[in-house]
K.L.:
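Quick one: the structure is below, and I'll ask about it shortly.
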Amino acid sequence: MRRFLAAACLVTLFPLSAVAQEASAKMVGPDGKELGAVAITQTKSGMLSISVDMNGLPPGVHGFHIHTTGKCEGPTFESAGGHLAGGKAHGVNAENGPHPGDFPNVNVAPDGTLKVEFFTDRLSLGEGENALLDADGASVMLHEGPDDYATDPSGHSGGRIACGVIAQAT
């Protein structure tokens, strides 16, 4: 790693191999049963692509968030902490929102499958304030109900029904 001062700002250069390019999370239910996976990829534009492929879920609309800690201890997944807030209020309808870890609601199909892709520039894999692969990690969470996009801290999205620890892909 090399550091230098350029145009009155500190720039840190990391060798390409030092910055994670891909991460993933194996999603599990409260009973520990595997429900699918989430793949996270750093795009060439700098945004993260977050692809969700899950099954065995209750049909309907559910809140989907990134939580602050990389632990998924069932059955309640409280070990994952709260939403990755980054000093913001919860939801796109909040004046100082949204949290970096807030995403649109997802709709699980009648057969219990969920396939969706998001893009975000509010998170990073391994650098900065909202890094997913920091010292205590982060987790992906699916909630039992829809997010109302406003109520702090969780949008009244209900209990936690699936969780996955985000880890660097090998």
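Below, all heavy atoms of this structure are taken into account, side chains as well, without hydrogens, waters or symmetry copies.
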K.L.:
Quick check: does any side chain N or O of Glu144 sit under 3.5 Å from a backbone N or O of Gly158, one acting as donor and the other as acceptor?
P.N.:
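Absent.
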K.L.:
Are Phe118 and Ile66 co-members of a hydrophobic cluster defined by side-chain heavy atoms under 4.5 Å apart?
P.N.:
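As far as the 4.5 Å side-chain criterion goes, Phe118 and Ile66 are connected within one cluster.
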K.L.:
Please report the closest heavy-atom contact between Pro59 and Pro110, naming both atoms and the distance.
P.N.:
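Result for this residue pair: CG-O, 3.5 Å.
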K.L.:
Can you tell me if Ser157 uses its side chain to pair, donor with acceptor, with the backbone of His143 under 3.5 Å?
P.N.:
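Not confirmed, Ser157 side chain does not pair with His143 backbone.
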K.L.:
Any chance you could measure Met27, atom CE, to Asp53, atom CG, to the nearest 0.5 Å?
P.N.:
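Met27 CE to Asp53 CG: 11.5 Å, rounded to 0.5 Å.
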K.L.:
Hey, is the main chain of Thr69 close enough, under 3.5 Å, to the side chain of Ser139 for a donor-acceptor pair?
P.N.:
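Yes, Ser139 side chain to Thr69 backbone: donor-acceptor pair under 3.5 Å.
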K.L.:
I'd like to know if the side chain of Thr120 reaches the main chain of Arg122, judged simply by a donor and an acceptor atom lying under 3.5 Å from each other, with no hydrogens or angles considered.
P.N.:
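At least one qualifying donor-acceptor pair exists.
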K.L.:
So, the side chain of His83 versus the backbone of His67: is there a donor-acceptor pair under 3.5 Å, distance only?
P.N.:
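Side chain of His83 to backbone of His67: no pair is present.
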K.L.:
Consider only side-chain heavy atoms of I, L, V, M, F, W and Y, link residues closer than 4.5 Å, and tell whether Leu125 and Val165 are in one cluster.
P.N.:
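Different clusters.
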K.L.:
Checking Asp102 against Tyr149: is there a side-chain donor and acceptor pair closer than 3.5 Å?
P.N.:
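Short answer, no.
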K.L.:
Counting distance only, does the side-chain N/O of Asn105 pair as donor-acceptor with the main-chain N or O of Asp147 below 3.5 Å?
P.N.:
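Side chain of Asn105 to backbone of Asp147: a pair is present.
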K.L.:
Could you pull out the closest heavy-atom pair between Cys72 and Gly164, with the gap in Å?
P.N.:
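That would be SG-N, 3.3 Å.
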K.L.:
When clusters are formed by joining ILVMFWY residues with side-chain heavy atoms under 4.5 Å apart, either directly or through shared neighbours, do Ile40 and Leu123 land in the same one?
P.N.:
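Same cluster: Ile40 reaches Leu123 through Ile, Leu, Val, Met, Phe, Trp or Tyr contacts under 4.5 Å.
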